[in-house]
2 protein chains.
Amino acid sequence: MGNSIKEAEKYCKENDLKFTPVRRKVLEILLQKNKALGAYEILDLLREAGFKNQPPVAYRALDFLVKNGFAHKIEQLNSFVGCMHPGKDHSPAFMICRNCDFVSEEEAINPSFSVSKIASKAGFKVEKAVIEARGLCHSCASSA
Amino acid sequence: MGNSIKEAEKYCKENDLKFTPVRRKVLEILLQKNKALGAYEILDLLREAGFKNQPPVAYRALDFLVKNGFAHKIEQLNSFVGCMHPGKDHSPAFMICRNCDFVSEEEAINPSFSVSKIASKAGFKVEKAVIEARGLCHSCASSA
DNA sequence: TCCTCCATGATATAACATAACATCTAGGCA
DNA sequence: TGCCTAGATGTTATGTTATATCATGGAGGA
């Protein structure tokens, strides 16, 4: 995880992006918690860490992180997760456990390829594919 | 489209579900508009049609329609569309045009199969897969 | 009849997100 | 150095989406 922070730092340096304290802190929070967090939860944690806590503070940092591939938004939960393989060009698919809310990120090359095929039949040009599965994670499924 | 309404009616009769006036009206609205509508837009249209217009009115009807497969929620837009092939057991994938906001529903058997494969590697049991592509529809792409 | 289940009515509020404008700060360059 | 610019942050206000809660109504079964 300190790893992901370092990668983000490096990427920003190389691409002339500002990895400011609040952006770094939000990414640290996401990576530490290792679960999907809402913007307002993040905001609370920022406040605890001494940052300002108006909503735009969190949303701006999250926009930055998402735009640059350091975090992802989970649309079904209106929440955010740190990216597990930043830097790499990737097509993530998320597995969201309906019981414990744990979110795991998997690489979704095949599904997104299939989506593109379907799309091109329909004359649609895909720029981004959101793939989110809901269900039960291994540990919740086995303890059920 | 009158067709989809009839199918919904039939399905409800067979499954002992109440296809009440407000539920029917919301489905009619979705099918007529043939685009993604937010709950509050639907609420306005309900009011125009003489229904009550507190938020729960729309959300309850939408919950019913989504739960029974007559409509879908588009997570990226926080909005709703009528289902294009109700009744059939299906895995929809949505193509959302970022220019005109038009949403088309395609059948996503392959992508959702690939998602399940990835999931099972991860020990995850998929109950529902959300697949939404963002990009340009044919007509917007060609006029660009 | 009366009871139960579900739908609807109604009020309030929670949760999520952005608009708009002011201020600050680092870095380029005259 | 001193100015200028671009982007980041501060701040206030508000817009948008969604749900909790409790009261009321109405169809159908025992």
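Side chains included, hydrogens not; waters and symmetry mates left out as well; all remaining heavy atoms used. Just so we're on the same page: letters track the sequence lines, and every chain starts at 1. Predicted, not measured: the structure shown is a model, and the values here were computed from it.
Considering only the side chain of Lys52(B), dA10(C) comes nearest among dA18(D), dA10(C), dT18(C). The listed nucleotides are dA18(D), dT12(D), dC21(C); the one nearest the side chain of Pro56(A) is dT12(D). Looking at the side chain of Phe80(A), the nearest of the listed nucleotides dT8(C), dT19(D), dA17(C) is dA17(C). Ranking dA17(C), dG10(D), dA18(D) by closeness to the Ala39(B) side chain, first place goes to dA18(D). In the set dA18(D), dA7(C), dT21(D), the nucleotide with an atom closest to the side chain of Lys18(B) is dA7(C).
Side chain Tyr40(A) to base dA17(C): a donor-acceptor pair is found below 3.5 Å.
If you take CZ of Phe51(B) and C1' of dA7(C), they are 13 Å apart, rounded to a whole angstrom. As rounded to whole Å, 15 Å separates atom C1' of dA17(C) from atom CG of Leu77(B). In this entry the distance linking CD of Glu75(A) with P of dA18(D) reads 12 Å, nearest Å. Between the CD atom of Gln54(A) and the C1' atom of dT14(D) there is a distance of 15 Å, rounded to whole Å. Spacing between atom CG of Asp44(B) and atom C1' of dT17(D) amounts to 13 Å, rounded to whole angstrom units. Counting to the nearest Å, the P atom of dT9(D) and the CG atom of Asp63(A) are 12 Å from each other. Look at CG on Leu37(A): it is 15 Å from C1' on dC16(C), rounded to the nearest Å. Rounded to whole Å, atom P of dA18(D) lies 9 Å from atom CG of Leu62(B).
The shortest heavy-atom contact between Cys83(A) and Leu31(A) is O-CD2, 4.1 Å. Between Pro55(A) and Tyr40(A), the shortest heavy-atom distance links the atoms CG-OH, 3.3 Å.
Position along DNA chain D of the nearest nucleotide to Arg60(B) versus Arg60(A) favours Arg60(A) as the more 5'-ward residue.
Aromatic pair Phe94(A)/His72(A): centroids less than 6.0 angstrom apart. Annotation: Tyr11(B) is in aromatic contact with Phe70(B) [ring centroid separation under 6.0 Å].
Taking 4.0 angstrom as the limit, Asn78(B) places a side-chain polar atom (N or O) nearer than this to OP1 or OP2 of dA18(D). Taking 4.0 angstrom as the limit, Tyr59(A) places a side-chain polar atom (N or O) nearer than this to OP1 or OP2 of dA17(C).
The environment of CZ in Phe113(B) is sparse: at most 12 heavy-atom neighbours from other residues, nucleotides or ligands sit within 6.0 Å.
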